[in-house]
Visitor: 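This is the structure I have questions about; it appears just below.
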Protein chains: 2
Amino acid sequence: MSDLLERLRGRGWRMTAQRRVVAEVLDGDHVHLTADEVHARAADKLPEISRATVYNTLGELVTLGEVLEVTTDRRAKRYDPNAHRPHHHLVCARCGAIRDVHPTGNPLTSLPDSERFGFTVEGVEVTYRGVCPDCATA
Amino acid sequence: MSDLLERLRGRGWRMTAQRRVVAEVLDGDHVHLTADEVHARAADKLPEISRATVYNTLGELVTLGEVLEVTTDRRAKRYDPNAHRPHHHLVCARCGAIRDVHPTGNPLTSLPDSERFGFTVEGVEVTYRGVCPDCATA
DNA sequence: CACTTGACTTAGACAAAGTCTATCGTAGGA
DNA sequence: TCCTACGATAGACTTTGTCTAAGTCAAGTG
């Protein structure tokens, strides 16, 4: 993750304790935290950090393409640091757990021109829904 | 849409003016209204209708499988009456316009067992993102 | 057709998630 | 070391949706 901090510095980011902490929280695979969860974890390390700063920093990371926003329901958006490896999501309908998955094929090619209605199609999100093993046995 | 009203009556729905109006508003292809838009249009025909009733009725229609919820961002959920014809969505990143689309192939079969992590996969949503013709020229 | 009853509706309070604003603080260059 | 513009802060505000208590009415019953 320190390479993330390096990249950000290279892009002219002013490095602050708050931004460093937010970036550290968003480290690892299969991380899909809400803004509030990011705030809570960041506050463990830096108690004075404000919600607005967390929202601002997450927004900047998304704009820079370092983090993806994931919206699986009308609850809070989640933030996925795994932005440089294309992937989709598998969501548990009961507990909301999220896994990164890598389907075969490219869904972009399965949308024929006749179904594009003149849109310039730039991306695609695929969300598989199901029940996770924990919820299935419970 | 009157067949929808018939189906609902057949399922034991008590028929009220409010429910009829909500069902009428959700008629047609490429209809993707937010709850507030449904409420506004319903209120044109029935001014006293309350927001809670619109939310309740939409929730019931979703539970009955007559209408789909579509979540494309952290803004309001949208309601899609085209529930009986499987389809996916093409969303304009600028203005938020939504079109129903029908890609080729079945994305469910492109998720190998090794990528299912023990989940029972029940469904899949595909959201294509791009820029619509109107926004491209503007 | 009038009565009854529980399902339905209502207004408005409440809650969750996110945005905005005015002010204060500080990273990093001179 | 000092300055200053960029960043952080608290908290008010907005949007979207849920809940509750009380009133209303659709439709079955006699």
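Proteins come first, then strands; the chains are lettered A, B, ... in the order of their sequence lines, and each starts at number 1.
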Visitor: According to a strict under-4.0 Å criterion, is B:Gln18 in side-chain N/O contact with OP1 or OP2 of D:dC25?
Guide: no
Visitor: What nucleotide, of D:dA10, C:dT9, C:dA17, holds the atom closest to the side chain of B:Arg74?
Guide: C:dA17
Visitor: Could you check which of C:dA17, D:dG17, C:dT9 has an atom nearest any side-chain atom of B:Thr57?
Guide: C:dT9
Visitor: Nearest to the B:Ala52 side chain among C:dA17, D:dG11, C:dG12, which nucleotide is it?
Guide: C:dG12
Visitor: Supply the atom-to-atom distance A:Arg20 CZ to A:Arg9 CZ, rounded to the nearest 0.5 angstrom.
Guide: 7.0 Å
Visitor: Take atom CD of A:Glu37 and atom P of C:dA17, then tell me their distance rounded to the nearest Å.
Guide: 10 Å
Visitor: Given atom CZ of B:Arg9 and atom C1' of D:dA27, what is their separation to the nearest angstrom?
Guide: 11 Å
Visitor: Round to the nearest Å and state the distance from B:Asn56 atom CG to D:dT24 atom C1'.
Guide: 15 Å
Visitor: Taking the side chain of A:Arg14 as heavy atoms from C-beta outward, which of D:dC6, D:dA27, D:dA8 is closest to it?
Guide: D:dC6
Visitor: Quickly work out the A:Arg78 CZ to C:dG18 C1' distance and round it to whole Å.
Guide: 15 Å
Visitor: Whole Å only: how far is the CD atom of A:Glu69 from the C1' atom of C:dA17?
Guide: 13 Å
Visitor: Please figure out whether B:Trp13 or B:Thr34 has its closest DNA chain D nucleotide nearer the 5' end.
Guide: B:Thr34
Visitor: With a cut-off of less than 4.0 Å, is there a side-chain N or O of B:Thr16 near OP1 or OP2 of C:dT9?
Guide: yes
Visitor: Just the rounded figure in Å: distance from C1' of D:dT16 to NZ of A:Lys77.
Guide: 14 Å
Visitor: Please determine whether a side-chain nitrogen of the Lys or Arg among B:Glu122 and A:Arg129 lies less than 4.0 Å from a carboxylate oxygen of the Asp or Glu.
Guide: no
Visitor: To the nearest Å, give me how far apart CZ (A:Arg19) and C1' (D:dG7) are.
Guide: 6 Å
Visitor: What is the distance, rounded to the nearest whole Å, between atom CZ of A:Arg75 and atom P of C:dA15?
Guide: 15 Å
Visitor: Evaluate the ring planes of B:His32 and B:His30, with Trp represented by its six-membered ring, and classify them as parallel (under 30°), tilted (30 to 60°) or perpendicular (over 60°).
Guide: tilted
Visitor: Count the heavy atoms belonging to other residues, nucleotides or ligands that lie under 6.0 Å from CZ of A:Arg74, then report whether that count exceeds 12.
Guide: yes
Visitor: D:dT9, OP1 or OP2 - any side-chain N/O from A:Arg51 closer than 4.0 Å?
Guide: no
Visitor: Given C:dT10, is OP1 or OP2 found less than 4.0 Å from the side-chain N or O atoms of B:Thr53?
Guide: yes
Visitor: If you assign each of B:Glu60 and A:Tyr79 to its closest nucleotide in DNA chain C, which residue comes earlier from the 5' end?
Guide: B:Glu60
Visitor: So if I take every side-chain heavy atom of A:Tyr55 and compare against D:dT18, C:dG18, D:dT9, which nucleotide ends up nearest?
Guide: C:dG18
Visitor: So does B:Arg116 have more than 12 non-hydrogen atoms from other groups sitting under 6.0 Å from CZ?
Guide: yes
